[in-house]
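We use all heavy atoms of the structure for the numbers below, so side chains are in, but hydrogens, waters and symmetry mates are not. Below, read A as the first sequence line, B as the second, and so on, with proteins coming before strands; counting in each chain starts at 1.
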2 protein chains.
Amino acid sequence: MTNAGQPEATPAPAKAQLTQTRILETALALFRERGFEATTMRAIAERAGVSLGNAYYYYGSKDHLVQAFYGRVHEEHLALCDARLGSMRSLKERLRFTMRSRLELIEPYHGFAAVLFRSAADPQSPLNPFSAESRPVREQATALLARVIAGSNAHMPEDLGAALPNLLWVYQMGLVLFWIHDTSQGRRRTMQLVDGSVDLVVKLIGLASLPFMRPVRRMVLRLVENVER
Amino acid sequence: MTNAGQPEATPAPAKAQLTQTRILETALALFRERGFEATTMRAIAERAGVSLGNAYYYYGSKDHLVQAFYGRVHEEHLALCDARLGSMRSLKERLRFTMRSRLELIEPYHGFAAVLFRSAADPQSPLNPFSAESRPVREQATALLARVIAGSNAHMPEDLGAALPNLLWVYQMGLVLFWIHDTSQGRRRTMQLVDGSVDLVVKLIGLASLPFMRPVRRMVLRLVENVER
DNA sequence: GTCTATAACCGGATAGAC
DNA sequence: GTCTATCCGGTTATAGAC
């Protein structure tokens, strides 16, 4: 059925859009309720009111649903940081907020984030944070960290400043990895780690900026450069 | 059939032992040939000349085969290090050999190691290096690293020396993670990273041992201590 | 009681009709 | 774009052989 002659503002694919969103929403709800493994594609399709085949029409695999989740989280984190970082000047404060808010955003999905990172460790998987498919999200995330630094009143040598966004991204990944394994009440241990490690990171940046540290700093940065290809 | 009256040295379960080994050997061969996913339990059972049910009798799941592989690699690494480290005194030399030989041992399995670490990243999985099931292997691996340090002529503050084996174990895991993602010819990039990072690690140990570095060192070590629970 | 073999079950994924 | 009908492979149940 074409749209010919209809004065509606919404173009043709509006219904498809809705179906797709409904499937994702349903999937995330089920993931939160039962976890990833326990949620079958059949159950998602059923609750979303579509057939199994239809669900696969929109999401090529169960992993694609995870990828969609991933993108959504990043968008929310971005919006949150854009709204709140403006009033913070010290690097320590800005970093702490960025890392904490990231973890708080994904907290409802703690149970199923485990599986997310299962695929994430597989070089073949598109969910892998180093993969080509993840590149856009990775670059956006790194760009956000660059703004966290640039917007602060911290000073540092140029070479360090250039490498820092990528280093902080790896640091963020490490925090998430710890968070995944953290079963403490209210994720207390992870939050302690965030606070302690942010302090340390800022201290190390200061240390690495000292003139007589230049040789070691160069050594580290050259190594990092090689690792990044 | 009982063994009564038989003068053999080998007790009853000799045949079972053989079957079990044959299944593992067959599985590893197929993993190398086709990768993990493409190797079906049915194919393993068939080539090993046993029924599917029998394969499951010895290995409760496909993952258990991976776990058996894991244990075997560690034993070989241990034997290799025991045989060769005796003649090396500098920490740099000893560390480099330890890390390189570890990677060379698993090189034939590079293609399937990816999947190994997929499960390894899941906190629930027994393959996870932090899991209770992995504890024995983890502790043995850490013990090996402790000997790598102790057998060297390097000197360092006591607090650092106490924490170092665990830190080096994490470092080793990082190298393996990089190795997994490395598709360069002959794993050239990983080997460069080993050399470069071993140099850096030794340099940082020296730096961290300087008297005026004590506050920062303490800060790092306290954080590490918290992370380890 | 130690092992082996066969026949399911279950859920992710695909093919092809409408 | 949506469905129904299958496929495929990890896993389990179960019946029996030695």
Side-chain angles (χ1 to χ4, degrees), chain A residues 1-3 10-24 26-27 30-31 33-68 112 115-116 118-119 122 124-127, chain B residues 1-4 6 8 10-24 26-27 30-31 33-69 112 115-116 118-119 122 124-127:
Chain A
M1 185 198 290
T2 72
N3 247 11
T10 49
K15 183 177 143 209
Q17 192 68 264
L18 279 175
T19 307
Q20 180 160 21
T21 308
R22 187 154 33 90
I23 293 172
L24 177 58
T26 308
L30 282 170
F31 289 161
E33 284 172 33
R34 318 179 180 173
F36 185 77
E37 310 273 46
T39 302
T40 68
M41 287 298 283
R42 284 165 177 81
I44 295 170
E46 191 180 350
R47 198 194 276 192
V50 298
S51 72
L52 177 61
N54 195 214
Y56 273 100
Y57 174 79
Y58 285 107
Y59 295 96
S61 77
K62 212 175 166 183
D63 280 1
H64 280 74
L65 284 164
V66 177
Q67 218 166 2
F112 115 88
V115 186
L116 192 156
R118 234 184 57 159
S119 312
D122 180 355
Q124 304 307 318
S125 169
L127 297 181
Chain B
M1 182 202 288
T2 72
N3 248 11
Q6 293 190 26
E8 322 173 5
T10 49
K15 183 176 144 209
Q17 191 67 264
L18 279 174
T19 306
Q20 180 159 22
T21 307
R22 187 152 36 89
I23 293 171
L24 178 58
T26 306
L30 282 171
F31 289 163
E33 285 173 33
R34 317 178 181 174
F36 185 77
E37 309 273 47
T39 301
T40 69
M41 287 298 283
R42 286 163 177 87
I44 295 171
E46 190 181 348
R47 196 194 275 193
V50 299
S51 71
L52 176 62
N54 193 8
Y56 273 99
Y57 174 80
Y58 285 109
Y59 296 96
S61 76
K62 212 175 166 184
D63 279 1
H64 279 74
L65 284 164
V66 177
Q67 218 165 0
F69 159 73
F112 115 87
V115 184
L116 191 155
R118 238 184 57 157
S119 312
D122 179 356
Q124 306 304 320
S125 168
L127 297 182

Please enumerate all residues that pass side chain to side chain contact (heavy atoms under 4.5 Å, CB included) together with B:Tyr57, with sequence neighbours excluded.
B:Asn54
If the condition is ring-ring contact (aromatic ring centres under 6.0 Å, His included), which residues does B:Tyr58 pass it with, not counting sequence neighbours?
none
Given D:dC3, is OP1 or OP2 found less than 4.0 Å from the side-chain N or O atoms of A:Asn54?
yes
Which residues pass the side chain to side chain donor-acceptor pair (under 3.5 Å) test with A:Thr21, sequence neighbours left out?
none
Tell me: CD1 of B:Ile23 to C1' of C:dC3, nearest whole Å?
11 Å
For A:Phe112, all residues meeting side chain to side chain contact (heavy atoms under 4.5 Å, CB included), sequence neighbours excluded
A:Phe31, A:Phe36, A:Val66, A:Phe69, A:Tyr109
Can a side chain N or O of B:Ser51 be found less than 4.0 Å away from OP1 or OP2 on C:dT4?
no
Closer than 3.5 angstrom, by distance alone: can the side chain of A:Arg22 be matched with the main-chain N or O of A:Ala48 as a donor-acceptor pair?
yes
Within this structure, what is the CD-to-C1' distance between B:Glu46 and D:dG9, rounded to whole angstrom?
14 Å
Whole Å only: how far is the OH atom of A:Tyr57 from the P atom of D:dT2?
8 Å
Output the rounded distance in Å from CG (B:Leu65) to P (D:dG10).
11 Å
Base-contact (B) and sugar-phosphate-only (S) positions in nucleotides 10-18 of chain C, heavy-atom cut-off under 4.0 Å, - elsewhere:
-BBBB----
Would you mind reading off the distance between B:Ile44 atom CD1 and D:dG10 atom C1', rounded to a whole angstrom?
11 Å
Over all strands shown, is B:Tyr59 touching base, sugar-phosphate only, or nothing at heavy-atom distances under 4.0 angstrom?
nothing
Does anything in residues 41-52 of chain B pair up under side chain to side chain donor-acceptor pair (under 3.5 Å), and if so which pairs, sequence neighbours excluded?
B:Glu33-B:Arg47
